[in-house]
Participant: 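My structure is below; once you've seen it, I'll send some questions.
Position 1 is the first residue of the sequence, and the numbers go up from there.
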Amino acid sequence: MITTSDNRLMVGPNTIPNIQPMSWSEMNIPSWQPLAVKLKQDVRDKVAKQFSGISDVLRLLLMSDCILSGSCISSIYHGEEPKDYDFWLKPKTFSDVEAIRQNIIEKYSDDILDISENYAGAGAKGAPYPCVTANAITFKNKFQLITLADYYTARKDFDLVHCKPYFDFKEDKFVISERQFSIIQQKRLVSNNPGRIIPVYRIEKFKNRGWTQ
């Protein structure tokens, strides 16, 4: 396993050998890390199952040029159905975000969620559905392509710590810190930027799912 100085676990494709000569405890592995490895597999399995709802071209975009992050990871850990799955473009791909958005609208409109009270609001220019906005495109399988910013730029401004773990499917890398994992386990709402006001509707949304401050 690769553990950084801040106890952040990066679970890559070769993290675990095919044959374990010792148990986790015998290897003196912190107790949370095997659970994080399981969470990686659970997230991968859940996403793979959901992918059947959209076209192959969109699947390739999301798996190769995007990073999955957000509260869906904590929902999967607790065995809950995620409300949605946020896929953020990587920086290089984000430079073509407008072309990507228009291409999806023009060629893959059948994959876009057409009716949703949860995503009501003004659509982006040229958008056929309310589920294409200036910030995101929501697909029928609950995947969201976030077009607001690239992942690494946006991540610094995430409002809640439990939304920060991420999965790079192309690199087969799942990144989560010990603190993030503990917060997810306890369902605690912890600000990622202390002093910054988090909208009340965000707090209430999570409280309704059993999270506490």
Participant: Can you tell me how far the CZ atom of Arg155 sits from the OG atom of Ser69, to the nearest 0.5 Å?
Facilitator: 6.5 Å
Participant: Between Ile146 and Asn135, is there a side-chain heavy-atom distance shorter than 4.5 Å?
Facilitator: no
Participant: Are any non-hydrogen side-chain atoms of Lys207 and Thr212 less than 4.5 angstrom apart?
Facilitator: no
Participant: Working to the nearest 0.5 angstrom, can you tell me the gap between Leu39 CG and Gln33 CD?
Facilitator: 13.0 Å
Participant: Salt bridge or not between Lys46 and Asp42? Use side-chain N to carboxylate O under 4.0 Å.
Facilitator: no
Participant: With under 30° as parallel and over 60° as perpendicular, where do the rings of Tyr151 and Trp88 fit, or are they tilted in between?
Facilitator: perpendicular
Participant: Who are the side chain to side chain contact (heavy atoms under 4.5 Å, CB included) partners of Ser55, not counting sequence neighbours?
Facilitator: Val57, Leu58, Tyr108, Asp111
Participant: Taking side chain as C-beta onward, heavy atoms only, is Leu35 less than 4.5 Å from Phe181?
Facilitator: yes
Participant: Measure from the side-chain N and O atoms of Lys40 to the backbone N and O of Phe167, and report whether any donor-acceptor pair falls under 3.5 Å.
Facilitator: no
Participant: Heavy-atom distance under 4.5 Å between the side chains of Trp211 and Lys205, does that happen here?
Facilitator: no
Participant: Using a strict threshold of under 4.0 Å (side-chain N to carboxylate O), is an ion pair present between Lys92 and Asp65?
Facilitator: no
Participant: Please list every donor-acceptor pair under 3.5 Å in which a side-chain atom of residues 184-193 meets a protein atom from a residue at least two apart or in another chain.
Facilitator:
{"unit_1": "Gln185", "atom_1": "NE2", "unit_2": "Tyr77", "atom_2": "OH", "d": "3.2"}
{"unit_1": "Gln186", "atom_1": "OE1", "unit_2": "Arg188", "atom_2": "NE", "d": "3.1"}
{"unit_1": "Gln186", "atom_1": "NE2", "unit_2": "Ser182", "atom_2": "O", "d": "3.4"}
{"unit_1": "Gln186", "atom_1": "NE2", "unit_2": "Ser182", "atom_2": "OG", "d": "2.7"}
{"unit_1": "Lys187", "atom_1": "NZ", "unit_2": "Glu80", "atom_2": "OE2", "d": "2.6"}
{"unit_1": "Lys187", "atom_1": "NZ", "unit_2": "Arg209", "atom_2": "O", "d": "2.8"}
{"unit_1": "Ser191", "atom_1": "OG", "unit_2": "Asn193", "atom_2": "N", "d": "3.2"}
{"unit_1": "Ser191", "atom_1": "OG", "unit_2": "Asn193", "atom_2": "O", "d": "3.1"}
{"unit_1": "Asn192", "atom_1": "OD1", "unit_2": "Lys164", "atom_2": "NZ", "d": "3.3"}
{"unit_1": "Asn192", "atom_1": "ND2", "unit_2": "Phe158", "atom_2": "O", "d": "2.9"}
{"unit_1": "Asn193", "atom_1": "ND2", "unit_2": "Lys156", "atom_2": "O", "d": "3.3"}
{"unit_1": "Asn193", "atom_1": "ND2", "unit_2": "Phe158", "atom_2": "O", "d": "3.3"}

Participant: Could you report the tightest heavy-atom contact between Gln144 and Ala136, atom names first, then the distance?
Facilitator: OE1-CB, 4.5 Å
Participant: Side chains of Phe169 and Leu68: does their closest heavy-atom pair fall under 4.5 Å?
Facilitator: yes
Participant: What do you reckon, is NZ of Lys170 surrounded by more than 12 foreign heavy atoms closer than 6.0 Å?
Facilitator: no
Participant: Measuring from atom CG of Leu145 to atom OG1 of Thr93, what distance do you get when rounded to the nearest 0.5 angstrom?
Facilitator: 10.0 Å
Participant: Find the distance between CD1 (Ile104) and OG (Ser109) and round it off to the nearest 0.5 Å.
Facilitator: 11.0 Å
Participant: Quick check: is Ile183 connected to Ile176 through a chain of hydrophobic side chains (ILVMFWY, heavy atoms under 4.5 Å apart)?
Facilitator: no
Participant: I'd like to check the side chain to side chain contact (heavy atoms under 4.5 Å, CB included) partners of Phe94; sequence neighbours left out, ordered by chain and number.
Facilitator: Leu89, Val97, Asp150
Participant: Who pairs with Gln50 by side chain to side chain contact (heavy atoms under 4.5 Å, CB included), at least two apart in sequence or on another chain?
Facilitator: Glu81, Tyr85, Asn141, Lys142, Phe143
Participant: Do Tyr152 and Leu160 share a hydrophobic cluster (ILVMFWY, side-chain heavy atoms under 4.5 Å, transitive)?
Facilitator: no
Participant: Looking only at side chains, do Asn208 and Glu204 share a donor and an acceptor under 3.5 Å apart?
Facilitator: no
Participant: Where do Cys72 and Pro82 come nearest, in terms of heavy atoms and distance?
Facilitator: CB-CB, 3.8 Å
Participant: Check the pair Arg202 / Asp159 against side-chain contact (heavy atoms from CB on, under 4.5 Å), numbers first and verdict last.
Facilitator: CA-CA 9 Å; Arg202 287 275 292 168; Asp159 55 0; 2.8 Å; yes
Participant: Examine distances only and state if a side-chain atom of Gln180 and a backbone atom of Ser177 form a donor-acceptor pair shorter than 3.5 Å.
Facilitator: yes
Participant: Would you call Phe174 and Val37 a side-chain contact if the rule is heavy atoms closer than 4.5 Å?
Facilitator: no
Participant: Any side-chain heavy atom of Phe139 within less than 4.5 Å of one from Ile137?
Facilitator: yes
Participant: To the nearest 0.5 angstrom, please state how far the OG atom of Ser71 sits from the CG atom of Asp84.
Facilitator: 6.5 Å
Participant: Among residues at least two apart in sequence or on other chains, which ones pass salt bridge (Lys or Arg N to Asp or Glu O under 4.0 Å) with Lys140?
Facilitator: none
Participant: Would you check if Phe51 and Leu62 make a side-chain contact, meaning some heavy-atom pair closer than 4.5 Å?
Facilitator: yes
Participant: Among residues at least two apart in sequence or on other chains, which ones pass side chain to side chain contact (heavy atoms under 4.5 Å, CB included) with Asp96?
Facilitator: Ile100
Participant: Quick one: do Ile198 and Phe206 satisfy side-chain contact (heavy atoms from CB on, under 4.5 Å)? Show the steps, please.
Facilitator: CA-CA 12 Å; Ile198 301 174; Phe206 287 109; over 6 Å; no
